[in-house]
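One structure is given here, and the rest of the page talks about it.
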Amino acid sequence: MQETIDFYVNVLDFTCKTMDEQWKFASIKKDKVTMQLVHPQAQFPFGSDDPFDQPLFTGAIYIHMEGVDELWEKVKDKAEVCFPVQNFDYGMREFGIYDNNGYLLQFGEQIKASA
C-alpha cells in the first residue's frame, strides 16, 4: 500500500488524505480527483473465491483533465510510458503511463476532432 501511495504522491502530485494500516485503506486526492486505495482484507485474501480473488484489472483508468502537456512533461521520465502524448482523431490529446502496480493510467484533454 505504501509503495502505491508513494507513486501517486511523488509522481503525480496527489496528497494522501487518509491512510489506515489496520483496514489497509488510503484516500488520495489531487484537484478534483479523489481515489480510494483498498488492499484485500484478511477475510478475502488473494487466491480465495471472494471479491479479491487476485489482483487483476483489464482496462485503463482514464482521467479527463486540462493541462495534459504540462503533466506529460512532469511524469514522462518518472513512470513507465505506455504511449507518449499525442492527438487522436476522436478529439482527445492524451498519453498513457503505468503505475507502480502495472495499471494503465491514461490522461486526456479534449481538443478539436479531426474531420
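Quick caveat, the model's predicted, so the values are computed rather than measured.
Residues passing the ring-ring contact (aromatic ring centres under 6.0 Å, His included) test with F95 are W72, F107, sequence neighbours excluded. Residues passing the ring-ring contact (aromatic ring centres under 6.0 Å, His included) test with Y98, sequence neighbours excluded: none.
The CG atom of L104 sits 10.5 Å away from atom OH of Y62, with the distance rounded to the nearest 0.5 Å. Rounding to the nearest 0.5 Å places CD of E70 at 7.5 Å from CE of M65. Interatomic distance, CD1 of I111 versus CG of N87, reported as 3.5 Å (0.5 Å rounding). A distance of 9.5 Å separates CE in M1 from SG in C16, rounded to the nearest 0.5 Å. Atom CG of N10 sits about 12.0 Å away from atom CD of E3, to the nearest 0.5 Å. The CD1 atom of I61 sits 10.0 Å away from the CD atom of Q106 when rounded to the nearest 0.5 Å.
No path of Ile, Leu, Val, Met, Phe, Trp and Tyr side chains, each step under 4.5 Å between heavy atoms, connects V68 with M92, placing them in separate hydrophobic clusters. Clustering ILVMFWY residues whenever any of their side-chain heavy atoms sit less than 4.5 angstrom apart, transitively, puts I97 in a cluster other than the one holding F83.
In this structure, R93 and F88 have side chains that are not in contact, with every pair of non-hydrogen atoms separated by 4.5 Å or more.
D20 contributes no side-chain N or O that, together with a main-chain N or O of K24, makes up a donor-acceptor pair within less than 3.5 Å. K74 places no side-chain N or O within 3.5 Å of a backbone atom of K76 that could act as its donor or acceptor partner.
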Notebook entry, point to check: Taking it one step at a time, do M19 and F25 satisfy side-chain contact (heavy atoms from CB on, under 4.5 Å)?
Noted result: CA-CA 6 Å; M19 180 178 175; F25 166 87; over 6 Å; no

Item checked: Test side-chain contact (heavy atoms from CB on, under 4.5 Å) applied to F14 and V33, step by step -> CA-CA 9 Å; F14 276 76; V33 175; 4.0 Å; yes

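A donor-acceptor pair shorter than 3.5 Å can be found between the side chains of N101 and T4.
When T15, I5, T34 are each tested for a side-chain contact (heavy atoms from CB on, under 4.5 Å) with S27, only one passes: T34. A side-chain contact (heavy atoms from CB on, under 4.5 Å) with L12 holds for exactly one of I28, D99, V75; it is V75.
The local environment of CD in Q2 is crowded, with over 12 non-hydrogen atoms from other residues, nucleotides or ligands closer than 6.0 Å. Residue-environment remark: CD (Q110) stays at or below the threshold of 12 foreign heavy atoms within 6.0 Å.
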